[in-house]
Amino acid sequence: MMKNRASFDSLNDRGQLQQSSSLRFSVMILLFLLLIHGSYAFLNDVFQKVQNDFFALTRRVTARHILVSNTEIATALKQKIRTECIDQQRYVVDVFEEAAIKYSRDDTTNFRGGLLGTLVPQGYCVCPTLDRACFEVSLGQVVGPFETDYGHHLLLVTERTNCPKLDGDKTLLMQTRGDDIFGTLVVPPTSNSPDVLRNPAQMVLDQLAFWFVVMIAGGIVAELAEKIV
């Protein structure tokens, strides 16, 4: 009778141990899920700021401009560029460069077709308004006129990097065939996709969750194995 009683008590203790371990596991998982819920928003905000700062520091642009004295001349020149592209079946970048050489009042860029720079960073241009416009206007289109302290500008941006909300992944204007006079936006051959930073907070939390579950499960298995042995 005493032996049976001892066996019963041993089974009862083992059942209580398993229930206790399961309860602890459930509580820890619940606490971890609550932690994850609160941490995700925080980490996402942090990584979003890091991502925005990264893009701001690594933005690059290739742009050309034409500087003239007033809006009327700029508007007429813009129409002239478009008309020549259509009538002569010429690529818009070539026509724009030719117009810059002939008509632009900016002696620092007109001799090179109005080129402000090739994949230069934000802040490179000495005119803040023009510099800002390079990272805000539509890619691959002759835009303007807009006024700065220097005069009135037409602007053509042919490549821009790390502005995914504005440009997506097609960040380069290219002439894909002879009659493609206004060019086509394409993905650069050596594009560094921003997808690697798309949701870093989620990636971190996924890794933390995986290793947390591994540690908890390993601890419970080890505890049960010790009690059984």
Side-chain angles (χ1 to χ4, degrees), residues 39-67 78 81 85 91-97 99-100 104 106 108-110 112-150 152-177 180-208:
S39 299
Y40 177 79
F42 172 75
L43 285 175
N44 194 54
D45 288 343
V46 170
F47 280 109
Q48 188 64 48
K49 186 177 186 306
V50 171
Q51 183 183 44
N52 291 339
D53 290 345
F54 171 79
F55 286 150
L57 290 172
T58 57
R59 289 188 181 112
R60 296 288 186 273
V61 68
T62 298
R64 294 166 176 82
H65 87 121
I66 299 173
L67 175 65
K78 182 178 181 180
I81 291 171
C85 288
Y91 184 36
V92 63
V93 176
D94 296 335
V95 177
F96 192 94
E97 288 179 339
S104 180
D106 183 1
T108 65
T109 64
N110 56 12
R112 58 174 184 259
L115 183 65
L116 293 167
T118 301
L119 290 179
V120 293
Q122 195 164 8
Y124 178 84
C125 183
V126 295
C127 175
T129 304
L130 185 59
D131 183 78
R132 185 168 57 252
C134 288
F135 294 90
E136 293 178 352
V137 301
S138 298
L139 183 63
Q141 298 181 23
V142 178
V143 296
F146 59 90
E147 186 177 8
T148 71
D149 293 338
Y150 297 89
H152 295 75
H153 303 257
L154 296 179
L155 181 64
L156 174 60
V157 176
T158 55
E159 185 172 10
R160 187 164 50 207
T161 65
N162 287 340
C163 295
K165 291 183 178 179
L166 186 60
D167 304 324
D169 58 352
K170 295 180 179 179
T171 61
L172 175 64
L173 182 72
M174 290 185 63
Q175 187 175 27
T176 57
R177 59 187 187 278
D180 188 15
I181 59 175
F182 293 111
T184 300
L185 293 177
V186 300
V187 179
T190 57
S191 173
N192 293 320
S193 174
D195 289 348
V196 294
L197 294 176
R198 177 162 292 176
N199 200 345
Q202 185 62 55
M203 291 190 294
V204 170
L205 291 175
D206 287 346
Q207 289 296 315
L208 287 175

### Query
Within the side chain of Asn110, is there an N or O that forms a donor-acceptor pair under 3.5 Å with the backbone of Ser104?
yes
### Query
Donor-acceptor pair, Thr62 side chain versus Leu119 backbone, under 3.5 Å?
yes
### Query
So which heavy atom on Asn162 is nearest to which on Thr58, and how close?
ND2-OG1, 2.6 Å
### Message
If you define the side chain from C-beta out and look only at heavy atoms, does anything of Leu130 sit under 4.5 Å from Leu116?
### Response
yes
#### Entry: Exam field: side chain Thr109 to backbone Leu115, donor-acceptor pair closer than 3.5 Å
no
### Task
Flag the pair Gln175 / Val93 as yes when at least one side-chain heavy-atom distance between them is below 4.5 Å, and no otherwise.
no
### Message
Please give me the minimum heavy-atom distance between Tyr91 and Phe182, naming the atom from each residue.
### Response
CE1-C, 4.4 Å
### Task
With the side chain counted from C-beta on, respond yes when Leu154 and Phe96 share a heavy-atom pair under 4.5 Å apart, and no when they do not.
yes
### Query
Looking at CZ of Arg160 and OG of Ser138, how far apart are the two atoms once the value is rounded to the nearest 0.5 Å?
7.5 Å
### Message
Counting neighbours of NZ on Lys78 that are heavy atoms of other residues, nucleotides or ligands and sit closer than 6.0 Å, is the number greater than 12?
### Response
yes
### Task
Compare all side-chain heavy atoms of Tyr150 with those of Asp106 and state whether any distance is below 4.5 angstrom.
no
### Query
To the nearest 0.5 Å, what is the distance between CG (Leu172) and CG (Leu185)?
8.0 Å
### Message
Rounded at 0.5 Å granularity, tell me how far CZ in Arg112 sits from CZ in Arg64.
### Response
10.5 Å
### Task
Check whether any side-chain heavy atom of Val143 lies under 4.5 Å from a side-chain heavy atom of Val157, and answer yes or no.
no
### Task
Please examine the side chains of Val61 and Tyr124, heavy atoms only from C-beta on, and report whether any two atoms are closer than 4.5 Å.
no
### Task
Please lay out, stage by stage, how Leu67 and His153 fare under the test side-chain contact (heavy atoms from CB on, under 4.5 Å).
CA-CA 5 Å; Leu67 175 65; His153 303 257; 3.5 Å; yes
### Message
If I take atom CG from residue Leu139 and atom CD from residue Glu159, how far apart are they, to the nearest 0.5 angstrom?
### Response
8.5 Å
### Message
Hydrogens and angles aside, do Asp167 and Thr171 bring a side-chain donor and acceptor to less than 3.5 Å of each other?
### Response
no
### Task
Measure the shortest side-chain to side-chain distance between Ile66 and Ile81 over non-hydrogen atoms and say whether it is less than 4.5 angstrom.
yes
### Message
Is the shortest side-chain heavy-atom distance between Asp131 and Gln122 below 4.5 Å?
### Response
yes
### Message
Go through it in stages, so that I can follow the logic: the residues are Cys134 and Leu155, the test is side-chain contact (heavy atoms from CB on, under 4.5 Å), and I'd like the CA-CA distance, side-chain angles, deciding distance and then a yes or no.
### Response
CA-CA 8 Å; Cys134 288; Leu155 181 64; 4.1 Å; yes
